[in-house]
Amino acid sequence: MGWQAMAVKAIMTVAAAKKSRDAYANDAQASFEQAEMAGIQADQEAINRTAQLREQLASISASGAGGGVSVGAGGSMGNIKRRETRLASMDVSAIKTLGGSKQRQFKLQGKGYKQKGKAVMYSGVAKGASYGAGAYKAYNEPKVS
């Protein structure tokens, strides 16, 4: 292979490495965006569950009042409300934990893509330098006549 071809190969190797790095950067960005969306989704689910609890408590109060039971009197209505509140609290906690787990997973994936992008760039530059050195050597070799 002539020195010109080796020089072109060096340039193309580095250019290909840059394109691969850019592709990994895009994948990393997508993962970070997914992490953000997972957090938003978990927050929204927690808000929805809290709203559902409020509706349930209002319904319990209305049922008790409609049945002639004083809202503050008697243990059964209070126990039902406490149980519903505790269950909702556990649900919200689970939603937030799972959402946080998804966020961490996507963030780690994004960091992995960034590392792969760096690795492919280092590899491409190393190969390009090797081809460049070969081109330099071929260019400076004594010409045989």
Side-chain angles (χ1 to χ4, degrees), residues 1-66 69 71-72 75-145:
M1 184 182 312
W3 71 269
Q4 297 94 340
M6 291 179 125
V8 169
K9 194 169 186 178
I11 293 168
M12 295 306 291
T13 299
V14 173
K18 285 181 180 180
K19 290 294 182 187
S20 293
R21 180 197 59 198
D22 292 346
Y24 281 122
N26 289 339
D27 290 343
Q29 182 62 35
S31 289
F32 291 130
E33 288 172 6
Q34 286 178 313
E36 189 175 328
M37 291 304 295
I40 292 169
Q41 182 181 4
D43 289 344
Q44 187 59 49
E45 288 177 16
I47 289 167
N48 291 343
R49 182 59 179 104
T50 303
Q52 182 186 20
L53 170 65
R54 288 188 185 120
E55 289 174 10
Q56 285 173 320
L57 293 177
S59 177
I60 291 168
S61 293
S63 293
V69 179
V71 175
S76 62
M77 294 301 275
N79 286 338
I80 292 171
K81 287 182 176 183
R82 278 191 292 280
R83 182 178 60 92
E84 288 299 322
T85 302
R86 192 186 72 215
L87 290 174
S89 177
M90 290 169 44
D91 287 348
V92 168
S93 179
I95 288 167
K96 288 184 177 184
T97 300
L98 291 173
S101 177
K102 282 183 181 179
Q103 276 187 301
R104 283 188 297 281
Q105 180 183 14
F106 286 126
K107 285 179 181 178
L108 287 173
Q109 186 179 32
K111 288 178 183 180
Y113 284 132
K114 281 188 169 187
Q115 292 300 318
K116 286 179 180 180
K118 287 180 183 180
V120 78
M121 191 65 200
Y122 292 148
S123 176
V125 169
K127 285 181 184 177
S130 174
Y131 293 135
Y136 179 79
K137 182 179 175 185
Y139 178 76
N140 289 316
E141 281 183 353
K143 309 295 184 244
V144 178
S145 307

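It should be emphasised that the depicted structure is a prediction, and the values quoted were computed from it without experimental measurement.
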- Which residues share a side chain to side chain donor-acceptor pair (under 3.5 Å) with Tyr139, sequence neighbours left out: none
- Taking side chain as C-beta onward, heavy atoms only, is Arg86 less than 4.5 Å from Arg83? yes
- Message: For Thr50, give me all partners under side chain to side chain contact (heavy atoms under 4.5 Å, CB included), at least two apart in sequence or on another chain.
- Response: Arg54, Val92
- Where Ala10 and Gly128 come nearest, the two heavy atoms and their spacing: CB-O, 3.2 Å
- State whether the side chain of Ser123 and the backbone N or O of Ala119 hold a donor-acceptor pair below 3.5 Å, judged by distance alone. no
- Starting from the C-alpha separation in whole Å, work towards a yes-or-no answer on side chain to side chain contact (heavy atoms under 4.5 Å, CB included) for Arg21 and Lys18. CA-CA 5 Å; Arg21 180 197 59 198; Lys18 285 181 180 180; 4.2 Å; yes
- Summary of salt bridge (charged side-chain N to carboxylate O under 4.0 Å, His left out) pairs that have at least one residue in residues 105-114, sequence neighbours excluded: none
- Between Ala7 and Ala135, which heavy-atom pair has the shortest distance, and what is it? N-CB, 3.6 Å
- What pairs with Thr85 under side chain to side chain contact (heavy atoms under 4.5 Å, CB included), at least two apart in sequence or on another chain? Leu53, Leu57
- Message: With a 4.5 Å cut-off on side-chain heavy atoms, are Ser59 and Gln56 touching?
- Response: no
- Note on the structure: Tightest non-hydrogen contact, residues Ala17 and Gly124, listed as CB-CA, 3.6 Å
- side chain to side chain donor-acceptor pair (under 3.5 Å) partners of residues 93-106, not counting sequence neighbours, each pair once: none
- Task: Name all residues meeting the side chain to side chain donor-acceptor pair (under 3.5 Å) criterion together with Gln52; count only those two or more places apart in sequence or in a different chain, and write none if there are none.
- Result: Arg49
- Task: Using side chain to side chain donor-acceptor pair (under 3.5 Å) as the criterion, list what pairs up with Gln4, not counting sequence neighbours.
- Result: none
- Query: For Ser20, which residues count as a side chain to side chain donor-acceptor pair (under 3.5 Å) partner, sequence neighbours excluded?
  - Reply: none
- Residues forming a side chain to side chain contact (heavy atoms under 4.5 Å, CB included) with Gln44, sequence neighbours excluded: Ile47, Asn48
- Query: Sequence neighbours excluded, which residues qualify as side chain to side chain contact (heavy atoms under 4.5 Å, CB included) partners of Lys19?
  - Reply: none
- Message: Per the ring-ring contact (aromatic ring centres under 6.0 Å, His included) rule, what does the pair list look like for residues 96-133, sequence neighbours excluded?
- Response: none
